[in-house]
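Below: one structure, written as structure tokens.
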2 protein chains.
Amino acid sequence: MAANSTVESIILGCLTTHPMSGYEIKQLISLSTSLFYNASYGSIYPILKKHEESGLVSVEELIENGRFKKIYHLTEKGYSAFLTWLEETPQPITMRNDMLVRLFFFNNLTREKQSDITRMYLDHLRDFRQRLENIAPAAAAYSDPYKEYTLRWGKDFYVFLIEWYEKLLSDLE
Amino acid sequence: MAANSTVESIILGCLTTHPMSGYEIKQLISLSTSLFYNASYGSIYPILKKHEESGLVSVEELIENGRFKKIYHLTEKGYSAFLTWLEETPQPITMRNDMLVRLFFFNNLTREKQSDITRMYLDHLRDFRQRLENIAPAAAAYSDPYKEYTLRWGKDFYVFLIEWYEKLLSDLE
DNA sequence: AAATTATATATCATTATGATATATGGTGGT
DNA sequence: ACCACCATATATCATAATGATATATAATTT
């Protein structure tokens, strides 16, 4: 019923595999969806509290190795709300692409500084792409083809970006 | 001097071409950078006030056709702060990609619903791409190659997305 | 003449980030 | 054995940004 936001739904989605703590949800998001949709502790903990109040999750409080811990379980109502969200029309992409803003105003820089910035950015893109390649084997162990698809998207996107800025750099020189 | 944020710098960047009102800045952003970096009135007006207090812009208040209006001028200090920001290392991309979150959790849907959502999304992408093609002639009139580059990036990105989801759809079917 | 759209500024509740605070358990080095 | 550091774990807060709404007038369309 509840018209959940995307972050609210990601949290429910994480809990579909197994019950976990807020900390583990954050870890999972960082390793998987963060490339295309991130969430901070400052979002996650308040949303978990809200989900509890709405009955979408239930909380199991326990002490593990002497450490206090809250394990969140997805309720039937929570899974139903998640499915309702999942079937909705996807929202358009929004992004914060700092490099493109700089390119937009490149006419204020010398040709040399333009090339410097583009080269620096290409280094970052190549580095990031390599990190995505490195986590590929771990993701393959998921045995969920859709998790692999989203990782594939990330790699394809960074290949697109690298080729695009390589072309830009050669145009500048 | 001032460690400006990207939105703060976009506003300064807009004023490098000619003095304009907050309303005109918003219009300009919507037509140009919004694809890769958007800003709302709720950001723009408070930032303009802040820029005025920092001496990065000066304000000219006037009445045009009986309507009250504030025209913001970039000061030398403002242009200098803009250049300082422009030469900094670009920040990594962050995005909100709702469709990829749904794909990440596609295992919770029937094959038919998966295809429906993907097809709907492809319609949206094709529509959006067409709108980008339509504004191309207007942007060409800028006579600034870097403005054209960023528009080119937008079009290339949407071509990438359309091809990617066409492939996904054929995999699903 | 009426309705709608465009111009123009401003604020507000809500959402989200990034940083910080607090605390304990485990690991590695000397 | 001790210390430093890192991982686990929850929580809050100032700051930032959105999307909506309020207000007002001019211009355009019906």
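Quick caveat: nothing in here was measured; it's all calculated off a predicted structure. All chains are named by letter (A, B, ...) in the order of the sequence lines, taking the proteins before the strands, and each is independently numbered beginning at 1.
- A distance-only check finds no donor-acceptor pair linking the side chain of A/S80 to the backbone of A/E76 [under 3.5 Å].
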Practice problem: Just do the ring-ring contact (aromatic ring centres under 6.0 Å, His included) check on A/F157 and B/F157 with the steps written out, would you? | Solution: CA-CA 9 Å; A/F157 178 51; B/F157 178 52; 5.5 Å; yes
Can you tabulate the close N/O pairs, meaning under 3.5 Å, that link protein atoms to atoms of nucleotides 15-17 of chain D?
residue : atom : partner : partner atom : Å
D/dA17  : O3'  : A/R96   : NH2          : 2.9

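- Among residue pairs with one or both ends in residues 42-61 of chain B, those qualifying as salt bridge (charged side-chain N to carboxylate O under 4.0 Å, His left out) are B/E8-B/K50; sequence neighbours excluded.
- Judged purely by distance below 3.5 Å, without hydrogens or angles, the side chains of B/Q91 and A/H124 never pair a donor atom with an acceptor atom.
- Scanning both residues, A/H73 and A/P19, for their nearest heavy atoms gives ND1-CG, 3.3 Å.
- By the 4.0 Å N-to-carboxylate-O rule, A/R152 lies too far from A/E148 to be salt-bridged with it.
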Under 3.5 Å, which protein N or O atoms sit close to an N or O of nucleotides 3-9 of chain D? Give each pair with its distance.
residue : atom : partner : partner atom : Å
D/dT8   : OP2  : A/Y23   : OH           : 3.1
D/dT8   : OP2  : A/Q27   : OE1          : 3.1
D/dA9   : OP1  : A/K69   : NZ           : 2.9

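- If you walk DNA chain C from 5' to 3' and mark each nucleotide with an atom closer than 4.0 Å to a heavy atom of chain B, the marks span C/dA6 to C/dT17.
- Of all the heavy atoms in A/W164 and B/Y149, the pair that sits closest is CZ2-O, 3.4 Å.
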Self-check item: Intermediate values then yes/no, ring-ring contact (aromatic ring centres under 6.0 Å, His included), B/Y146 and A/F105
Solution: CA-CA 7 Å; B/Y146 307 108; A/F105 294 118; over 10 Å; no
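- Residue pairs meeting the salt bridge (charged side-chain N to carboxylate O under 4.0 Å, His left out) criterion with at least one partner in residues 102-114 of chain B, sequence neighbours excluded, are A/E87-B/K113, B/D98-B/R102.
- One can place CE of A/M95 at 15 Å from P of D/dT18, the figure rounded to the nearest angstrom.
- Residue pairs that meet the salt bridge (charged side-chain N to carboxylate O under 4.0 Å, His left out) test with at least one member in residues 160-173 of chain A, sequence neighbours left out, are A/R119-A/E173, A/R126-A/E166, A/K167-A/D171.
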